[in-house]
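Everything below concerns the one structure shown next.
Per chain, numbering begins at 1; letters A, B, ... match sequence-line order. Computation of the quantities below employed the complete heavy-atom set of this structure, encompassing side-chain atoms and omitting hydrogens, waters and symmetry-equivalent molecules.
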Protein chains: 2
Amino acid sequence: MTNEIKEKLAKNKSLSLTERERFIAMFKAMGNPIRYEMMEHMLKYPGCNTANIVDHLPIAQATVSQHLKVLKEAELVIGEIEGPATCYCLIDENVKWFKETVQKIF
Amino acid sequence: MTNEIKEKLAKNKSLSLTERERFIAMFKAMGNPIRYEMMEHMLKYPGCNTANIVDHLPIAQATVSQHLKVLKEAELVIGEIEGPATCYCLIDENVKWFKETVQKIF
DNA sequence: AACATTTATCGTATATTTACGATATATATA
DNA sequence: TATATATATCGTAAATATACGATAAATGTT
């Protein structure tokens with residue numbers, strides 16, 4: 001999708017551009033089997049670190065890190081540095097917002 | 001993502017494989033600005049036809065048709081042939097299931 | 001039957017995503 | 001300070017997604 005098209009779409013919406021984009025980014029982020037699995041894993045094991053997640057998944061550490069970045073950029077997840085490791089959690093407030101918005105929109 | 005990886009993931013889930021895949025496909029389908037817009041449009045104008053949707057969007061008819069196919073494959077939308085046109089609606093039952101599943105999972 | 005209208009599909013170019021190994025960065029420990 | 005450990009980033013190859021024009025298919029109309 002070109003920027004031109006994105007600009008054309010960014011007019012007259014019920015959500016503000018920022019919220020709308022974030023909402024769509026959340027859908028996109030969770031619309032991948034690996035990232036969906038990561039979300040479930042963090043739900044089950046809040047505060048798990050990257051190594052835990054890597055062990056749980058059939059892909060390389062570098063790829064896990066890339067997927068984590070997508071989830072972070074969608075503001076679904078936050079990583080807190082704890083010593084040499086990073087602990088990951090869902091951002092409960094934003095997951096709640098997503099759930100509420102899903103209910104509200106559809 | 002390779003098929004090998006998809007197979008590795010398809011084990012020991014809370015949702016059945018079919019439901020899990022459908023749930024993720026729904027996220028993916030709605031995780032695109034054009035398709036999200038289409039969903040909102042159909043919500044607002046149930047039974048609108050392809051021409052309506054094309055008029056509402058800044059992309060070619062062929063591309064709209066492709067996006068509609070993705071939404072249909074995710075079982076979010078159904079098209080009913082009505083004369084030479086096709087009328088599109090959200091599949092309320094499945095949207096409801098999606099909403100319920102979002103509440104249940106997260 | 002011929003034609004007009006509407007939508008889907010085909011072929012294809014380009015952009016984006018996904019995956020990996022290699023390497024950089026950052027912190028804890030010896 | 002040197003080393004080990006954990007995670008992020010870089011470069012890149014391959015797969016997938018997105019967009020388009022051209023054209024096929026399906027239906028209504030003359």
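If you take CG of A:N52 and P of D:dA6, they are 11 Å apart, rounded to a whole angstrom. Rounding to whole angstrom units, CZ of residue A:F27 and C1' of D:dA17 are separated by 19 Å. Rounded to an integer number of Å, the gap from A:M38 CE to D:dT7 C1' is 12 Å. In this structure, the CD atom of A:E80 is 15 Å from the C1' atom of D:dT7, given to the nearest Å. Taking atom NZ of A:K28 as the reference point, atom P of D:dT16 lies 16 Å away to the nearest angstrom. We find that CD1 of A:I34 is positioned 17 Å from P of D:dA15, with the value rounded to whole Å.
Backbone-only contact: A:T86 has heavy atoms under 4.0 Å from sugar-phosphate atoms and none from a base. In this structure, A:A62 reaches the bases: a heavy-atom distance under 4.0 Å links it to at least one base atom across the strands shown. In this structure, B:A60 reaches the sugar-phosphate backbone alone: every heavy-atom distance under 4.0 Å involves primed, P, OP1 or OP2 atoms, never a base.
For the segment residues 65-74 of chain A, residues with any heavy atom less than 4.0 angstrom from an atom of DNA chain C are, sorted by number, A:Q66, A:H67.
Hydrophobic clustering (side-chain heavy atoms under 4.5 Å, transitive across Ile, Leu, Val, Met, Phe, Trp, Tyr) keeps A:V70 apart from B:M26. In the hydrophobic clustering of ILVMFWY residues, with side-chain heavy atoms under 4.5 Å counting as a link, B:I78 and B:M38 come out apart. A:I24 and B:F27 fall within the same hydrophobic cluster, where Ile, Leu, Val, Met, Phe, Trp and Tyr residues are linked whenever their side-chain heavy atoms come under 4.5 Å apart, directly or through other members.
Between B:T63 and the phosphate of D:dC20, there is a side-chain N or O to OP1/OP2 separation shorter than 4.0 Å. For A:R35, a side-chain nitrogen or oxygen approaches OP1 or OP2 of C:dT18 to under 4.0 Å. Put simply, B:N32 has no side-chain N or O that comes within less than 4.0 Å of OP1 or OP2 on D:dA17. For B:Y88, a side-chain nitrogen or oxygen approaches OP1 or OP2 of C:dA8 to under 4.0 Å. A sub-4.0 Å separation between OP1 or OP2 of D:dA6 and a side-chain N or O of A:N49 is absent.
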Requested in this report: Any chance you could list the contact pattern along nucleotides 23-29 of chain D? Use B for base contacts, S for sugar-phosphate-only contacts and - for none, protein heavy atoms under 4.0 Å, 5' to 3'.
Outcome: ----SS-
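No more than 12 heavy atoms of other residues, nucleotides or ligands sit less than 6.0 Å from atom CD1 of B:I81.
A salt bridge is absent between A:E73 and A:K28; no separation between the charged side-chain nitrogens and carboxylate oxygens falls under 4.0 Å. Of the charged side-chain nitrogens involved, none lies within less than 4.0 Å of a carboxylate oxygen, so that A:E40 and A:K44 do not count as a salt-bridged pair.
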Just list the side-chain donor-acceptor pairs under 3.5 Å for residues 85-94 of chain A, sequence neighbours left out, or say none.
residue : atom : partner : partner atom : Å
A:Y88   : OH   : A:K72   : NZ           : 3.1
A:N94   : ND2  : A:E75   : O            : 2.9

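Inter-residue side-chain proximity for B:S65 and B:K69 is flagged as unmet; no heavy-atom pair is nearer than 4.5 Å.
Residues A:H41 and A:C48 share a closest heavy-atom pair of CD2-SG, 3.8 Å.
Pairing for C:dA30 goes to D:dT1, judged as Watson-Crick or G-U wobble with the two contacts each under 3.5 Å.
A donor-acceptor pair under 3.5 Å is absent between the side-chain atoms of A:D55 and the main chain of A:N52, judged by distance alone.
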